[in-house]
Amino acid sequence: MERSVGILGSTGSIGVNALKVIERHNGHFSVKYLSAHSNAEKLVEQALDFQPEVVAIADENSAKTISEGLAQTSIKVLTGREGLLELASRNDVDICLNALVGSAGMEPTVRALEAGVDLALSNKESLVMAGGLIRRIMDETGASLFPVDSEHSAIWQCLLGEEVSNVRRLILTGSGGPFRTKPMNEFYDITVDEALNHPKWEMGKKITIDSATLMNKGLEVIEAHWLFGLNKEQIDIVIHPQSIIHSMVEFIDGSVKGQMGQPDMKIPIQFALTYPDRLEAEWEDFDPVNISGLTFEKPDREKFPSISLAYEALSRGGTATAALNVANDNSVRLFLDGKIGFTQIAEINEAALSEHKWIADPDLKDLLELEQWGKSFVELEMKESLTV
Ligand code: NDP
Ligand code: MG
């Protein structure tokens, strides 16, 4: 049966890969809606190819290009943040893929789940910001979350047919990023180009920087906590530079399951869109004979303080993980803009974690306010660092 899909953030790295999956399985999916922030040309191209009912462009300045590009079609165009939220709130899709980046993806997640729509979640920041709220909404509406993040897809697949109560621990794997072997005394001078040069995965800029600081792994620990209901003592990180084993689950009897494959996001995206079925696809060949070896090492928490920050935020609970997330969104943006150095990302994030006004059980309004606070706090920290 044809499944109708809506994609939020269709012009990004995950969005484009999702459309490749949909194109490969012609007849299995119909595209209901697509959205972009400002890349109007790409959104027009995608809309002409996939013929959704409606598209949304968040940046109002790009709206004219969309309207002109789609003038000959019956595709409806929505604009601004409201347009994006309207798409996310629609209850007439079988599944919504949230491929937005950063905290901006949180409210759309909340809206889709409130509408009772199952969500393929790539935007991990949603769970880092609002895990407790999201779980409550899912309990109320019965909507499900299907992870797209490769580690969480791996764990999900290892857990199929298993009881979570039989899990001893999750072992999240990570490539270690471009600076795994770089000496710590050279971290201060890391350039944007060096940080954007990820050894294994081709991704959007924000997550590529998160992978260089290892904040991405920290965010994934928090994501795993909310997805699988395990506490932080049961979630470990191991560095696995080849990125072949996407994560592992150790059970109480000592048995360990892992999920493997080529590092290709189309595989976890496809599984999230087709679950509980699997569809035939020939993405990249998996040939174990050509893998020279699989190695594992402990993450270096001194070189990569983001890991400890994430565990600390998780143990504080409440708004702590959201504060870390909004600070990180903004410190990464400033790093990409050349305004702060690489090591300042974690320093600013740490300051935000300790200085934010903690709330035990935040609602959506509290979290949206925190998002604004994060922006101004990080800007202020940057200015202060320039004056010392
Ligand atoms: P990209 O930056 O490549 O894409 C982000 C998408 O969201 C684009 O369509 C962009 O539009 C849109 N967007 C960005 N900001 C806004 C905003 N404020 N309002 C509305 N739309 C917005 O990101 P990725 O695809 O790399 O990542 C998406 C999510 O998936 C992230 O949470 C990331 O952590 C997660 N993820 C990504 C992986 C990957 O391989 N890329 C792997 C695992 C997880 P526009 O193109 O117009 O700017
Ligand atoms: Mg991941």
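Just the heavy atoms: all of them, side chains too, but no hydrogens, waters or symmetry mates, feed the values below. Counting starts at 1 for both ligands and their atoms, in listed order. Residues take their numbers from the sequence shown, with the count starting at 1.
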Pairs under 3.5 Å, N/O atoms on ligand 1 and on the protein: can you put them in a table with the distances?
from     : atom 1 : to   : atom 2 : distance (Å)
ligand 1 : 3 (O)  : S13  : N      : 2.9
ligand 1 : 9 (O)  : G9   : O      : 3.2
ligand 1 : 9 (O)  : T11  : N      : 3.3
ligand 1 : 9 (O)  : T11  : OG1    : 2.7
ligand 1 : 9 (O)  : G12  : N      : 3.1
ligand 1 : 11 (O) : T11  : OG1    : 3.3
ligand 1 : 11 (O) : H37  : N      : 2.9
ligand 1 : 25 (O) : S13  : N      : 3.2
ligand 1 : 25 (O) : I14  : N      : 2.9
ligand 1 : 26 (O) : G204 : N      : 2.8
ligand 1 : 30 (O) : S122 : O      : 3.4
ligand 1 : 30 (O) : S122 : OG     : 2.7
ligand 1 : 32 (O) : L100 : O      : 3.4
ligand 1 : 32 (O) : E125 : OE1    : 2.6
ligand 1 : 41 (N) : S13  : OG     : 3.1
ligand 1 : 46 (O) : T11  : OG1    : 2.6
ligand 1 : 47 (O) : H37  : N      : 2.9
ligand 1 : 47 (O) : S38  : N      : 2.7
ligand 1 : 47 (O) : N39  : N      : 2.8

Just checking, any donor-acceptor pair under 3.5 angstrom between side chains of S10 and Q46? yes
Any side-chain donor-acceptor pair under 3.5 Å between Q242 and H240? yes
Distances under 2.8 Å only: what protein N/O/S atoms are near the Mg ion (ligand 2), ordered by chain and residue? D149 OD1, E151 OE1, E220 OE2
Describe, in one word, how the ring planes of W373 and F377 are oriented to each other, choosing from parallel (under 30°), tilted (30 to 60°) and perpendicular (over 60°). parallel
Any idea how F342 and F335 line up, ring-wise: parallel (<30°), tilted (30 to 60°), or perpendicular (>60°)? perpendicular
Any ion pair linking R24 and E282 (charged N to carboxylate O, less than 4.0 Å)? yes
Hey, is E68 close enough to K64 for a salt bridge, meaning N to O under 4.0 Å? yes
Cation-pi, F251 ring and R168 (6.0 angstrom, 45 degrees): no
State which residues pass side-chain contact (heavy atoms from CB on, under 4.5 Å) with I267; sequence neighbours excluded, sorted by chain then number. D264, W283
Any residue meeting salt bridge (charged side-chain N to carboxylate O under 4.0 Å, His left out) with E369, in chain and number order, not counting sequence neighbours: K365
